[in-house]
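Scroll down for the structure; my scribbles are underneath it.
Letters A, B, ... mirror the listed sequences (proteins, then strands); counts begin at 1. As a basis for the values below, the full set of heavy atoms in this structure was taken, side chains included, without hydrogen atoms, waters or symmetry mates.
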Amino acid sequence: MRLSRFFLPSLRETPKEAEIASHRLMLRAGMMRQEASGIYAFLPLGLRVLQKICAIVREEQDRSGAIELLMPTIQSADLWRESGRYEAYGKEMLRIKDRHERDMLYGPTNEEMITAIFRSYVRSYKDLPLNLYHIQWKFRDEVRPRFGLMRGREFLMKDAYSFDVDFAGAKHAYNRMFVAYLRTFARMGLRSIPMVAESGPIGGNLSHEFIILADTGESEVFCHSDFLDFEVPGPDVDFGSVAGLQSIVDKWTSLYAATSEKHEAAAFAKLAVDKRVSARGIEVGHIFYFGTKYSEPMKALVAGPDGVERPVHMGSYGIGPSRLVAAIIEASHDEAGIKWPEAVAPFKAMILNLKQGASDTNAACEGLYAELGAKGVDTLYHDLDERPGSKFATADLIGIPWQILVGPRGLAEGKVEMKRRSDGLRELMSPADAVRRLCL
RNA sequence: CGGAGUGUGGCUCAGCCUGGUAGAGCACCUCGUUCGGGACGAGGGGGUCGCAGGUUCAAAUCCUGCCACUCCGACCA
């Protein structure tokens, strides 16, 4: 992509409403724009990151055996009256009426709808286990939206719902999501820690929050420091193995880890002093087992091998991709801007023509751009007539992992300079070597 | 929902107290000189000062109401 053809409305100054780093940087980098309190438009650069995140989420959901569908954002109130949550949910639910004065709502979550879908098709234990998920916009009318995407009212959520014939099956479904989540966040360059959690309004009695540590996190968290070194399961993990998954989950739940709501100071105090981590955290995922909380009132029944119909055991599993955009920035930035992990970066590389218009730098940049394009390396070419300093600032701000600096100074020796955004490492090399490096 | 604030060109803000022809920096357009860490000079365009009332000869400025947004707290993916 040539910057001259792209839409990147970056800001030199920080809009005054932005307090935390991710909010500030997303606005400055031209990734998003606030449309109303807690409601944002994703601009092209932000959308690219969001899509990369969704792609990873999707791959790991699919790998674990979950199946994607897509439910609407607008739901009928009747469904929620069945579960009793239409009244219970309170003012956080955005209630609307259609032209016939029917009560509708903008979905804050989808337990009711997925249960209705399930019950209308599935009758037998033979169709289980089943895990259906979608990635869809949600709306929760927060009392106080803040921190940009971190706590918006409208947000993108991946929500999965598992259906099993009994608790043992549901536990395995829970474990599949547990492991999928560990992998999902790790692929985005995040170290997530599963913490015992309140199950909240979703209901149920088995629940973990996946927390990443960041100074600007909203909640106070406590955990054992060994979590920071645990190995995340590889892509070859066998999601069909009940015992295998259970041992992974056992390991990841063996040490102390809790958010402030579930914190037990006495238990935490038993850890060796140098193993105690007390920090701020951002919740990026939350999984629940809630048994028959919805299947019973909504009559989602399946027949077992004995022919007897029983309410299906359910769980729900959420990840907030739009929040993850912000969370990743919180975990990875410096004074100059964002430092995207490669897996979610909007572009892998960025070419900076330090003397736009000069025939030698132009030719070298065009050559690199064509070559990288041919090799499938997603590249942003800064081809605007700006001074080098301005290009450096923009490149650091938007955080593309690799910057290729093409200027007369290096070109005199036939070299370009490769700069790694994560640590600032710079290296002179031939354009051909630069391409090779990016194709590794 | 309690408390505290803010709304003035695209962005950051001054002007308001003490009413009298709407400003600066950045950004934008033109020309020139520049060009390895957000250049310089000259010229230029752009704002019914959040909205509605009121007071006044005169309102960005004073008064009333409303709206929007932000921050702190309680609450939450």
Nucleic acid contacts of residues 383-396 of chain A, taken as heavy-atom distances under 4.0 Å to RNA chain B:
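The stretch gives Arg387(A), Pro388(A), Gly389(A), Ser390(A), Phe392(A), Ala393(A), Thr394(A), Asp396(A) as the residues lying under 4.0 Å from the strand, ordered by number.
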What parts of residues 20-51 of chain A reach RNA chain B, counting only heavy atoms under 4.0 Å away?
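Contacts with RNA chain B under 4.0 Å: Arg28(A), Gln34(A), Ala36(A), Ser37(A).
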Could you give the CZ-to-P distance, from Arg146(A) to A77(B), as a whole number of Å?
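Roughly 13 Å, once rounded to whole Å.
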Whole Å only: how far is the CG atom of Leu354(A) from the P atom of U34(B)?
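The answer, rounded to whole Å, is 19 Å.
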Check the angle between the aromatic planes of [X] and [Y] and answer parallel, tilted or perpendicular using the 30° and 60° thresholds.
X: His263(A); Y: Phe222(A); value: parallel
X: His134(A); Y: Tyr161(A); value: tilted
X: His208(A); Y: Phe178(A); value: perpendicular

Counting Watson-Crick and G-U wobble pairs only, both distances under 3.5 Å, name the nucleotide matched with [N], or none.
N: C66(B); result: G50(B)
N: U18(B); result: none
N: G2(B); result: C72(B)
N: U12(B); result: A24(B)
N: A60(B); result: none
N: A77(B); result: none

How would you label the contact of [X] with the nucleic acid (heavy atoms, under 4.0 Å): base, sugar-phosphate, or nothing?
X: Leu405(A); result: base
X: Lys419(A); result: base
X: Gln356(A); result: nothing
X: Gly320(A); result: nothing
X: Gly152(A); result: base

Taking salt bridge (Lys or Arg N to Asp or Glu O under 4.0 Å) as the cut-off, I'd like each qualifying pair that reaches into residues 1-11 of chain A, sequence neighbours left out, listed once.
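Every pair satisfying salt bridge (Lys or Arg N to Asp or Glu O under 4.0 Å) with a residue in residues 1-11 of chain A: Arg2(A)-Glu366(A).
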Residues forming a ring-ring contact (aromatic ring centres under 6.0 Å, His included) with Trp252(A), sequence neighbours excluded
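Once residues adjacent in sequence are excluded, the partners of Trp252(A) under the ring-ring contact (aromatic ring centres under 6.0 Å, His included) criterion are Phe230(A).
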Can a side-chain donor-acceptor contact be found between Asn131(A) and Tyr133(A) if the only test is distance below 3.5 angstrom?
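No - no donor-acceptor pair under 3.5 Å links their side chains.
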Nearest-nucleotide 5' precedence on RNA chain B, Glu142(A) against Gly410(A)
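On the 5' side of the pair lies Gly410(A).
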Closest-nucleotide 5' rank along RNA chain B - winner of Val143(A) and Met157(A):
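Its nearest nucleotide lies further toward 5', so the answer is Val143(A).
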Check whether more than 12 heavy atoms from other residues, nucleotides or ligands sit under 6.0 Å from atom CD of Glu261(A), and answer yes or no.
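Counting other residues, nucleotides and ligands, CD of Glu261(A) exceeds 12 neighbours.
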Does this structure show an ion pair linking Arg24(A) with Glu19(A), if we count only N-O contacts that are shorter than 4.0 Å?
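Not counted as a salt bridge, because no side-chain N and carboxylate O are separated by less than 4.0 Å.
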Is the shortest distance from a Lys or Arg side-chain nitrogen in Lys419(A) or Asp396(A) to a carboxylate oxygen in the other one below 4.0 Å?
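Looking at Lys419(A) and Asp396(A), the cut-off is met.
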Verdict with reasoning, Arg33(A) to Glu35(A), per salt bridge (charged side-chain N to carboxylate O under 4.0 Å, His left out)
CA-CA 6 Å; Arg33(A) 192 181 102 97; Glu35(A) 298 300 339; 3.0 Å; yes
Show which side-chain atoms of residues 325-336 of chain A pair as donor or acceptor with protein atoms under 3.5 Å away, not counting sequence neighbours.
from      : atom 1 : to        : atom 2 : distance (Å)
Glu330(A) : OE1    : Thr216(A) : OG1    : 2.3
Glu330(A) : OE2    : Ser22(A)  : N      : 2.8
Glu330(A) : OE2    : Ser22(A)  : OG     : 2.7
Ser332(A) : OG     : Lys339(A) : O      : 2.4
His333(A) : ND1    : Ile329(A) : O      : 2.7
His333(A) : ND1    : Glu330(A) : O      : 3.4
Asp334(A) : OD1    : Ala336(A) : N      : 2.9
Asp334(A) : OD1    : Gly337(A) : N      : 3.1
Asp334(A) : OD1    : Arg421(A) : NH2    : 2.8
Asp334(A) : OD2    : Arg421(A) : NH1    : 2.9

Protein-nucleotides 12-15 of chain B N/O pairs under 3.5 Å:
from   : atom 1 : to       : atom 2 : distance (Å)
U12(B) : OP1    : Lys16(A) : N      : 2.9

Is the cationic atom of Arg95(A) (NZ for Lys, CZ for Arg) positioned less than 6.0 Å from the six-membered ring centroid of Tyr86(A) and within 45 degrees of its normal?
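The answer is yes; both the distance and angle limits are met.
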